[in-house]
Amino acid sequence: MKIMVVGGGGREHAIIKKIKENKDVTEIFALPGNGGMAKDATLVNIAATDIEKIVEFAIENKIDYAVVAPDDPLVLGCVDALEEKGIHCFGPRKNAAIIEGSKVFSKELMKKYGIPTAQYEVFSDADKALEYVESCPVPTVIKADGLALGKGVIIANTREEAKDAVVSIMKDKQFGKSGDNIVIEEFLTGPEVSVLSFTDGNVVVPMISSMDHKRAGDNDTGLNTGGMGTVAPNPYYTKAVADECMEKIFLPTIKAMKQEGRTFKGCLYFGLMITSDGPKVIEYNCRFGDPETQVVLPLLESDLLTVMMAVTNETLADCDVKFADKNACCVIMASEGYPVKYEKGYEITIPESLENNVFVAGAALKDGKLLTNGGRVLGVTCIEDSLEAAIKASYEAVGKIHFANAYYRHDIGQKALNCKED
Ligand code: AMP
Ligand code: GLY
């Protein structure tokens with residue numbers, strides 16, 4: 001079987017490595033992939049958002065199955081375009097990907113179907129939004145409606161900050177058209193949990209839970225990033241919380257999407273906050289999370305391609321999806337200065353013994369050398385029986401990987417360890 005994976009980061013590398021375990025797979029193409037995955041996939045220089053070229057490539061190369069991993073191509077309708085040409089895909093169609101593509105849509109969906117989330121107001125007029133923040137409680141959370149490279153959420157601690165956020169999103173168009181509409185919502189507190197799930201639109205199978213570390217600096221300081229590390233499972237996600245999420249959030253969401261004529265098939269990511277009032281949805285993503293995927297998929301014991309195809313064929317109910325009863329920790333090694341400004345082009349050395357533990361995101365091959373080529377360069381994942389051991393192993397591995405200007409957080413997993421001690 002010939003497989004094509006659209007995307008080029010650590011998440012895609014984790015997906016590719018897992019798919020490779022299937023004996024029927026003869027070749028995997030990564031569009032565009034990155035130099036660090038050259039041993040695992042054939043790199044094809046087509047951007048993940050160039051839908052026309054992606055479809056053309058799939059037809060010409062007789063691709064049997066396509067995985068569309070990133071948010072942009074999903075929201076742009078990449079799966080619809082491939083399916084129109086008869087290519088089977090993993091990923092939601094455009095009309096379902098809107099659950100991530102529009103925060104206004106997802107908030108209205110949750111309100112309509114009684115799915116627990118933060119209270120909110122929607123604004124399309126900047127002056128009305130400015131008037132609202134004059135008297136709204138603070139802190140408050142301002143969200144651009146559309147995709148904004150994970151940066152469209154501003155937590156304003158004062159009314160002044162809230163006003164600045166409204167002006168920069170709606171008037172100065174910091175995120176372009178994504179800021180034509182905004183959501184202003186209640187500030188919630190509590191531990192955050194990421195739950196990625198497989199769903200074929202009828203049943204939903206949550207994967208092992210995980211915890212992201214979004215801020216750039218130790219102890220959750222500094223700017224928000226795409227994610228600096230993850231652990232799985234997330235100890236805050238107890239059996240009782242999981243049951244409540246299934247009943248009040250996961251199943252109602254799948255049913256709501258179906259009822260709206262927007263059946264969701266693929267990986268639906270629930271970003272949750274466990275508040276004193278129960279679990280609430282912070283965000284939906286229409287795809288695997290990154291770096292969550294780099295701890296979740298290595299713990300998957302079932303064959304990923306089989307599960308993905310069951311999603312496509314709507315036979316997920318008959319599919320066994322098993323995770324190892326172990327702990328995983330992923331530490332992201334970034335370029336110093338990420339997420340703002342950083343240098344590229346430094347040689348990366350990875351000992352051969354660690355190749356199975358590394359998922360490469362921002363790297364390019366030049367004259368046979370692997371060079372840094374992005375903010376998040378790679379993720380290092382170790383699996384052990386305990387969380388403590390997984391964290392220790394990951395940091396030991398990080399110590400053996402070298403490139404100039406490497407930066408990483410030193411406290412990935414500490415919050416999860418503290419929870420276990422509570
Ligand atoms: P998002 O891009 O929606 O994941 O938001 C980024 C981060 O902002 C989340 O991971 C939360 O830490 C935080 N956040 C988003 N919405 C809220 C909220 N209503 N209350 C508190 N924190 C929030
Ligand atoms: N790690 C958060 C995300 O993938 O959106």
Side-chain angles (χ1 to χ4, degrees), residues 7 9-12 14-15 69-72 74-75 97 99-107 110 116-121 136-157 162 165 169 175 178-179 182-197 207 209-216 220-232 234 236 267-277 279-297 330 332 334 339 359 361 375-376 379 409 412 415:
R11 161 185 55 205
E12 287 75 9
I15 292 172
D71 48 2
D72 304 87
L74 289 167
V75 170
I99 199 165
E100 174 170 3
S102 166
K103 298 220 189 265
V104 173
F105 170 84
S106 68
K107 295 300 287 191
M110 288 186 269
T117 188
Q119 299 285 332
Y120 71 100
E121 301 284 336
C136 78
V138 285
T140 189
V141 186
I142 321 258
K143 300 186 171 183
D145 177 37
L147 296 180
L149 297 168
K151 297 189 181 117
V153 174
I154 296 169
I155 297 182
N157 287 307
I169 298 175
F175 307 115
S178 285
I182 60 168
V183 171
I184 302 185
E185 70 178 32
E186 175 196 7
F187 176 74
L188 300 176
T189 53
E192 287 184 59
V193 180
S194 304
V195 179
L196 321 186
S197 70
M207 297 180 222
S209 62
S210 54
M211 182 191 285
D212 194 5
H213 297 69
K214 286 204 164 100
R215 300 291 202 93
D220 291 335
T221 52
L223 294 172
N224 251 324
T225 69
M228 294 301 294
T230 37
V231 292
N234 183 327
Y236 288 101
C267 173
L268 182 53
Y269 167 136
F270 298 91
L272 306 168
M273 198 173 268
I274 317 299
T275 72
S276 53
D277 204 21
K280 295 191 178 179
V281 177
I282 289 283
E283 62 163 346
Y284 292 115
N285 290 324
C286 66
R287 52 170 174 88
F288 284 96
D290 198 2
E292 285 90 338
T293 306
Q294 300 183 46
V295 282
V296 170
L297 288 187
C330 169
I332 297 294
F359 303 115
R376 289 193 291 179
R409 271 180 67 161
I412 300 303
K415 232 188 316 184

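Note that the numbering runs from 1 along the sequence shown for the chain. None of the values given here were measured: they were computed from a predicted structure. Read the numbers this way: they start at 1 and go in the same order the structure lists the ligands and their atoms.
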Query raised in the report: Mind checking what makes side-chain contact (heavy atoms from CB on, under 4.5 Å) contact with Q119, not counting sequence neighbours?
Result: E186
Query raised in the report: Do any nitrogen or oxygen atoms of L188 lie less than 3.5 angstrom from nitrogen or oxygen atoms of ligand 1?
Result: yes
Query raised in the report: Going by distance only, is there an N or O of N224 that falls short of 3.5 Å from an N or O of ligand 1?
Result: no
Query raised in the report: Which residue from T117, I155, T140 reaches closest to atom 22 (N) of ligand 1 through any of its heavy atoms?
Result: I155
Query - Nearest-option assignment for atom 5 (O) of ligand 2, heavy atoms, candidates E283, K214, E100, R287 - result: R287
Query raised in the report: Between D212 and T230, does any side-chain donor sit less than 3.5 Å from a side-chain acceptor?
Result: no
Query raised in the report: Does any donor atom in the side chain of E292 or S210 lie under 3.5 Å from an acceptor atom in the other side chain?
Result: no
Which ligand 1 atoms, with their elements, are less than 4.0 angstrom from a heavy-atom of [X]?
X	value
V153	1 (P), 2 (O), 3 (O), 5 (O), 8 (O), 15 (C)
K214	4 (O), 10 (O)
K103	3 (O)

Taking only heavy atoms of [X], which atoms of ligand 2 are found under 4.0 Å from at least one of them?
X	answer
G226	1 (N)
G289	4 (O)
E292	1 (N), 2 (C), 4 (O)

**Report entry** Aromatic ring proximity, centroids under 6.0 angstrom, F270 and Y284
**Finding:** yes
Query raised in the report: Are E185 and K107 within salt-bridge range, i.e. N to O under 4.0 Å?
Result: yes
